[in-house]
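Working notes, structure below.
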Amino acid sequence: MFRPVLVVCLLVVLSSSAVAQEKAKKKEPPARPTPTAADYAYGQDSERQKFDFWQAKSDKPTGLVLLIHGGGWMGGDKTGYGTSAIQPFLDAGISVAAINYRFIPQAMEQKVEPPVKACLHDAARALQTLRSKAKEWNLDPKRVGATGGSAGACTSLWLALHGDLADPQSSDPIARQSSRLSCAAVNGAQTSLDPKELREWIPNAIYGGHAFGFAERGRTRPQEFELLIANREKVLPWIKEYSPIELVSADDPAIYLDYPNQKTPPKIGQEEKDPTHSAMYGVQLAQRLTSAGIEVVVSYPGHEDTKYGSINKFLIEKLTAK
């Protein structure tokens, strides 16, 4: 008499198992070429301070593209970059590295202040480590670009615009390497972490509070942002240090800013459907870069780039130019 119930329960279990298996399949990373060096450690964090490296075939030292994944500095992984992201550069004779870095929660546990420092300085350390391997891996240390989306884009811009972190007097040979880029081309970049500035640009902006330590379990992104606004004066020195737009100078490299998901023409004071990836970020940074005499391209629907055509083409041209 209990058989029907057992059958139903069994079907439910099998159904749940099928759903779980389907979800697991969706989370599998994309296929990609076999790295020349996999999970190369550039720091002491056994999980996050690692990169994968692909060496391009060439008789001469090659340029290098750094792939920095997005995820709000809260998630994501280097394995998210598949063949379609890596192979075009290898085919063009450009080597590739995809990096992991510590996340905001890890940085907060480790008492890093502000937490975003861990994410950004990890990227710089990965770059310095790659430069230290230039001879072994046939790299031209003067031709290094970076790309990424969202938080990975912001990190790429920070590397491109920040002063060199190299310490020529350091006893650590890696720390003596340059952290500067020769170009950056990014997708959906946040260019400012100043809440006052952002609300003037985009009234419904909500991104940035977690970068400065206002993240907490159960706290929403808008709540984090309101805390950042309330504490802006206190953390202003950090904002000046970690907002890419604050770092613009006349010696900066060429920058490409793509916002493919922009729904309406960007306009100051206009609410956005996706305020965290609004093209207004790019428009404002471009104005600052142009004033400094830096080449910059901003592309979004209705205002597409016609000079290079894409992030990849921009990077390939810049990193193969003689």
Side-chain angles (χ1 to χ4, degrees), residues 43 45 47-49 68-76 99-127 146 148-163 165 179 184 186 188-249 257 271-272 274-278 280-282 284-285 288:
D45 189 299
E47 179 185 0
R48 296 301 307 169
Q49 290 178 316
I68 307 177
H69 71 78
W73 297 311
M74 299 288 285
I99 74 167
N100 277 349
Y101 48 86
R102 285 171 292 172
F103 295 139
I104 295 292
Q106 291 170 297
M108 292 180 70
E109 289 176 4
Q110 296 168 10
K111 310 298 183 184
V112 179
E113 291 187 333
V116 74
K117 178 180 179 180
C119 315
L120 304 185
H121 280 253
D122 277 5
R125 180 71 179 186
L127 173 53
S150 193
C154 185
T155 300
S156 297
L157 293 178
W158 184 84
L159 281 176
L161 304 177
H162 195 278
L165 296 176
S179 64
V186 295
Q190 298 87 34
T191 63
S192 174
L193 297 172
D194 183 345
K196 180 176 181 294
E197 185 171 57
L198 291 177
R199 281 288 168 86
E200 291 171 356
W201 298 352
I202 311 163
N204 58 331
I206 57 170
Y207 187 87
H210 63 309
F212 299 108
F214 299 109
E216 187 176 284
R217 185 179 295 276
R219 187 175 289 165
T220 65
R221 189 59 58 80
Q223 289 171 335
E224 294 170 357
F225 195 83
E226 291 304 320
L227 284 170
L228 178 57
I229 291 174
N231 290 276
R232 179 180 179 273
E233 294 306 313
K234 179 181 176 181
V235 302
L236 193 56
W238 289 345
I239 291 171
K240 298 292 185 182
E241 170 67 11
Y242 296 105
S243 285
I245 199 168
E246 300 289 346
L247 307 173
V248 173
S249 59
L257 303 161
E271 290 197 355
E272 297 278 8
D274 183 4
T276 302
H277 306 98
S278 168
M280 183 51 62
Y281 278 107
Q284 293 296 321
L285 178 60
R288 194 77 60 90

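Excluded from the calculations below are hydrogen atoms, water molecules and symmetry mates; all remaining heavy atoms, backbone and side chain alike, are included.
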Under the salt bridge (charged side-chain N to carboxylate O under 4.0 Å, His left out) test, which residues partner [X], sequence neighbours left out?
X	result
Glu241	none
Glu109	none
Glu272	none
Glu200	Lys196

Next item on the list: Could you give me the CA-CA distance, side-chain angles and deciding distance for His121 and Arg125, then say whether side chain to side chain contact (heavy atoms under 4.5 Å, CB included) is met?
Entry: CA-CA 6 Å; His121 280 253; Arg125 180 71 179 186; over 6 Å; no
Heavy-atom pair with the smallest gap, counting every atom of [X] and [Y]:
X	Y	value
Arg199	Ile206	NH2-CG2, 4.3 Å
Gly148	Ser156	N-OG, 4.0 Å
Ile104	Cys119	CD1-SG, 4.0 Å
Ala107	Pro115	CB-O, 3.3 Å
Leu198	Ser192	CD1-O, 3.6 Å

Check: Which of parallel (below 30°), tilted (30 to 60°) and perpendicular (above 60°) describes Trp158 and Tyr242?
Finding: parallel
Margin query: Between Gln190 and Leu157, is there a side-chain heavy-atom distance shorter than 4.5 Å?
Written below: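 Contact flag for Leu157/Gln190 side chains = no.
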Note to self: Any non-hydrogen side-chain atom of Leu193 less than 4.5 Å from a side-chain atom of Phe212?
What the structure shows: yes
Next item on the list: For Ala160, enumerate each residue passing the side chain to side chain contact (heavy atoms under 4.5 Å, CB included) test, keeping only those at least two apart in sequence or located in another chain.
Entry: Leu181, Ala184, Pro253, Ile255
Notebook entry, point to check: side chain to side chain contact (heavy atoms under 4.5 Å, CB included) with Gln110: which residues, sequence neighbours excluded?
Noted result: Asp45, Arg102, Gln106, Val112
For [X], enumerate each residue passing the side-chain hydrogen bond (donor to acceptor under 3.5 Å, both in side chains) test, keeping only those at least two apart in sequence or located in another chain.
X	value
Arg288	none
Trp73	Thr155
His277	Ser150, Asp274
Glu113	none

Notebook entry, point to check: Side chain of Thr191, backbone of Leu285: donor and acceptor closer than 3.5 Å?
Noted result: no
Next item on the list: Report yes or no: does Arg219 contribute a side-chain atom to a donor-acceptor pair with the main-chain N or O of Phe214 at less than 3.5 Å?
Entry: yes
Margin query: Using the rule given for side chain to side chain contact (heavy atoms under 4.5 Å, CB included), can you reason through Glu226 versus Ile229, listing the C-alpha separation, both sets of side-chain angles and the distance that settles it, and then say yes or no?
Written below: CA-CA 5 Å; Glu226 291 304 320; Ile229 291 174; 4.0 Å; yes
Margin query: Rounded to the nearest 0.5 Å, what separates atom CG in Leu228 from atom CD in Glu224?
Written below: 9.5 Å
Check: Roughly how far apart are Gln49 CD and Asp122 CG, rounded to 0.5 Å?
Finding: 4.5 Å
Next item on the list: Output every pair passing side-chain hydrogen bond (donor to acceptor under 3.5 Å, both in side chains) with a member in residues 201-211, not counting sequence neighbours, ordered by first then second residue.
Entry: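 Checked against side-chain hydrogen bond (donor to acceptor under 3.5 Å, both in side chains) - neighbours excluded - no pair reaches residues 201-211.
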Next item on the list: For the pair Tyr281 and Leu257, evaluate side chain to side chain contact (heavy atoms under 4.5 Å, CB included) and give the outcome as yes or no after the intermediate values.
Entry: CA-CA 9 Å; Tyr281 278 107; Leu257 303 161; over 6 Å; no
Identify every side-chain donor-acceptor pair in residues 232-239 under 3.5 Å, counting partners at least two apart or on other chains, and give the distances.
residue	atom	partner	partner atom	Å
Arg232	NE	Asp194	OD1	2.7
Arg232	NH2	Asp194	OD2	3.0

